[in-house]
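Here is the structure we will look at.
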Amino acid sequence: MRDIVDTVQREQLLLVAHQRPGALVIQGGPGTGKTAVGLYRVMWLLDNHHCSAQDVLVVGPHQGFLAYAGQVLPALGGGDVTTLTLDRLLAGDRPTSATGTDSPEAAFLKSGGRGHCPRRRL
């Protein structure tokens, strides 16, 4: 992942540092760097104190993707980021942290449907 961060392109960096309010959707074809940009963005948000790791939910297409994210994020300092597959999210399953389970406070905040971190609107 650190090699990817070193080679991030200008357009990708604009997504990483995106600061307008609301959700940010990253889409593209295979091999375009969506995963790298998404994980780099999570770390950018954490490093710039836009939210804490407990306020972030990474939704992935399958468990293999989340296993990869679960290795990369802790190595970059984002070990408490919560992950969940899309099918489990749609089924209403509770998210789990890459390093454990959510505290009751974090679970409450994540269930609020606000779509942003509680301390600062993204």
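In this chain, numbering begins with 1 at the start of the sequence shown. Bear in mind the structure is a predicted one, so any value in this text is a computation, not a measurement.
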Looking at [X] and [Y], what are the two nearest heavy atoms and their distance?
X	Y	answer
Y40	V16	CD2-CG2, 3.5 Å
P74	A69	CD-O, 3.9 Å
W44	H18	CZ3-O, 4.3 Å

Nearest-0.5 Å distance, [atom1] of residue [X] to [atom2] of residue [Y]:
X	Y	atom1	atom2	result
H62	L86	NE2	CG	11.5 Å
L90	L84	CG	CG	9.0 Å
D55	H50	CG	NE2	13.0 Å
L46	Q54	CG	CD	9.0 Å
L57	T83	CG	OG1	8.0 Å

Query raised in the report: By side-chain hydrogen bond (donor to acceptor under 3.5 Å, both in side chains), which residues pair with D47, not counting sequence neighbours?
Result: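 By the side-chain hydrogen bond (donor to acceptor under 3.5 Å, both in side chains) rule, D47 matches no residue at all.
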
Query raised in the report: Considering residues at least two apart in sequence or located in another chain, which fulfil the side-chain contact (heavy atoms from CB on, under 4.5 Å) criterion with Q63?
Result: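 Counting only residues at least two positions away or on another chain, Q63 forms a side-chain contact (heavy atoms from CB on, under 4.5 Å) with L66, T85.
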
Query raised in the report: Who are the side-chain contact (heavy atoms from CB on, under 4.5 Å) partners of I26, not counting sequence neighbours?
Result: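 Applying side-chain contact (heavy atoms from CB on, under 4.5 Å) to I26 gives L15, L24, K34, V37.
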
Query raised in the report: Heavy atoms, side chains only, cut-off 4.5 Å: are V58 and L73 in contact?
Result: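 Counting from C-beta outward, V58 and L73 do come under 4.5 Å.
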
Query raised in the report: Is there a path from Y68 to V56 through hydrophobic residues (I, L, V, M, F, W, Y) whose side chains come within less than 4.5 Å of each other?
Result: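 Yes.
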
